[in-house]
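Values below: all heavy atoms of this structure, side chains included; hydrogens, waters and symmetry mates excluded. Predicted, not measured: the structure shown is a model, and the values here were computed from it. Numbered from 1 within each chain, the chains take letters A, B, ... in sequence-line order.
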Amino acid sequence: LGACRVSMSMTEVRAGFTAIKANIQSRDPIRTLSILSHPHSLHKVKSSDRCCITHQLFTFYVDKVFKHCRTEDSFVNRKISSIANSFLSARRKLGQCHEQNKCVCGEESTEKFKQILANYEGLNVTSAAMKSLGELDILLDWMEKSR
Amino acid sequence: GDVLLPAPQSISILSTNMKHFLTWSPVIVQGATVRYSVEFQGEYEREYANGSWIPISECSLTTATVCNITEDISATVAYKLRVRAELGATRSPWGTTKGFFSRAMTSLTPPVLRVVADGHHVLVELADMGPSFQFHVLYWKKGQESRVQQKVVKEVSSVVHLDTMEAGAEYCVKARAHVEAINRSSSFSPTQCVRAQGDTSVWL
């Protein structure tokens, strides 16, 4: 992510998400809306803003999303915990980069993140959290493509 | 009357090569089969989910006194584990690990390898240590210890070709395991050397 080097085992996070993706997405009744991709895809974010939007999105998932995704299914809860703790670990390193000015936020990433928050707050919290979790592969695809 | 069950004691985590096991001492009740249930808590649960605990279903109501927690210790953060005894409807208090456990604390053993001289080629075969592992293989011509070469092996699916040997020369190899997720390596394996077959054939 530019000057900021963060090692997160994408394989582990991807495997954890793939194991629960169908279950999570089945809990999202509103398929016509997107939290991460509306109105513009993450792929439109400039490379210079990539680190900052990643940091903001990890903070978004840690602070707002995972806690509202607890289910009655122990297997799903364990995988969500695995992803949440991986995001927490990576977010810490991104935060260190941010403090060292290696993860600067430009206007574009700030605007993009505002839009994501607006999409999120446009739904009730549980639907918004489940939808956001169900869209995790959008984030993972974008992160892997922009490595 | 109802049996008073004590919390399991001597709770500890054994972790080698990124495989993590929780163990504890059995709770003895004469003539009865005591069962145990295990739960874990990551840093996320402590900091953002009201200190919640998550049950490990494979170790719910188990009679064993060991639980494979590898699948759940899947991020490089600090975890806590707890276990309680159960006998019918009676449950003991939780016994919780003292301090935290992070997978970065796992002990790493040197890889097992087999070096083969196949004609003029030095080949190395590495025993699989699991998905988290890659290997740093060092190799050099005996007597030229200052000209060590390194090859990073990310998958151990097949034999790895290291070098083409000069006839009659001896080549030495050693390797260590590396885990990217915790950014740590094992110590090196013992060095193994092989000699290339002398080239006795003469071209006429």
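- Atom-to-atom distance recorded for A/E12:CD and B/T76:OG1 is 7.0 Å, nearest 0.5 angstrom.
- Summarising the local packing, CD of A/E107 is surrounded by 12 or fewer heavy atoms from other residues, nucleotides or ligands at distances under 6.0 Å.
- The number of heavy-atom neighbours closer than 6.0 Å to CD of A/E111, taken from other residues, nucleotides and ligands shown, is above 12.
- Each of A/D63, A/I83, A/V13 has some count of heavy-atom pairs under 4.5 Å with chain B, and the biggest count is that of A/D63.
- Using a 4.5 Å cut-off between heavy atoms, B/E39 makes no contact with chain A at all.
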Check against side chain to side chain contact (heavy atoms under 4.5 Å, CB included), A/L88 and B/E45: CA-CA 10 Å; A/L88 185 60; B/E45 284 72 34; over 6 Å; no

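- Contact between B/I54 and A/S81 at its shortest, heavy atoms only, is CD1-CB, 3.4 Å.
- No side-chain N or O of A/R78 forms a donor-acceptor pair with one of B/S74 less than 3.5 Å apart.
- The contact between A/V62 and chain B is made by backbone and side chain atoms together, counting heavy-atom distances below 4.5 Å.
- Contacts with chain A were tallied for B/S60, B/S57, B/A49, B/S132; B/S57 has the most, counting heavy-atom pairs under 4.5 Å.
- Neither the backbone nor the side chain of B/I73 comes within less than 4.5 Å of any heavy atom of chain A.
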B/Y48 and A/F66: CA distance, side-chain angles, deciding distance, side chain to side chain contact (heavy atoms under 4.5 Å, CB included) verdict: CA-CA 9 Å; B/Y48 293 87; A/F66 295 125; over 6 Å; no

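- The neighbour count for B/E71 CD, taken as heavy atoms of other residues, nucleotides or ligands under 6.0 Å away, does not exceed 12.
- Between the side chain of B/Y44 and the main chain of A/K67, a donor-acceptor pair closer than 3.5 Å is present.
- Ionic pairing of B/E47 and A/R91 is not present here: no N-O contact between side-chain nitrogen and carboxylate oxygen is shorter than 4.0 angstrom.
- Listed options A/S74, A/G16, A/A90, A/S9 were ranked by heavy-atom pairs under 4.5 angstrom with chain B; first place goes to A/S74.
- The contact list for residues 126-138 of chain A toward chain B, using heavy atoms and a distance under 4.5 Å, is empty.
- When all heavy atoms of B/V77 and A/S89 are compared, the pair lying nearest together is CG1-CB, 3.7 Å.
- To the nearest 0.5 angstrom, A/R70 atom CZ is 9.5 Å from B/N50 atom CG.
- Counting heavy-atom neighbours within 6.0 Å of B/K151 NZ, excluding the residue itself, gives a total above 12.
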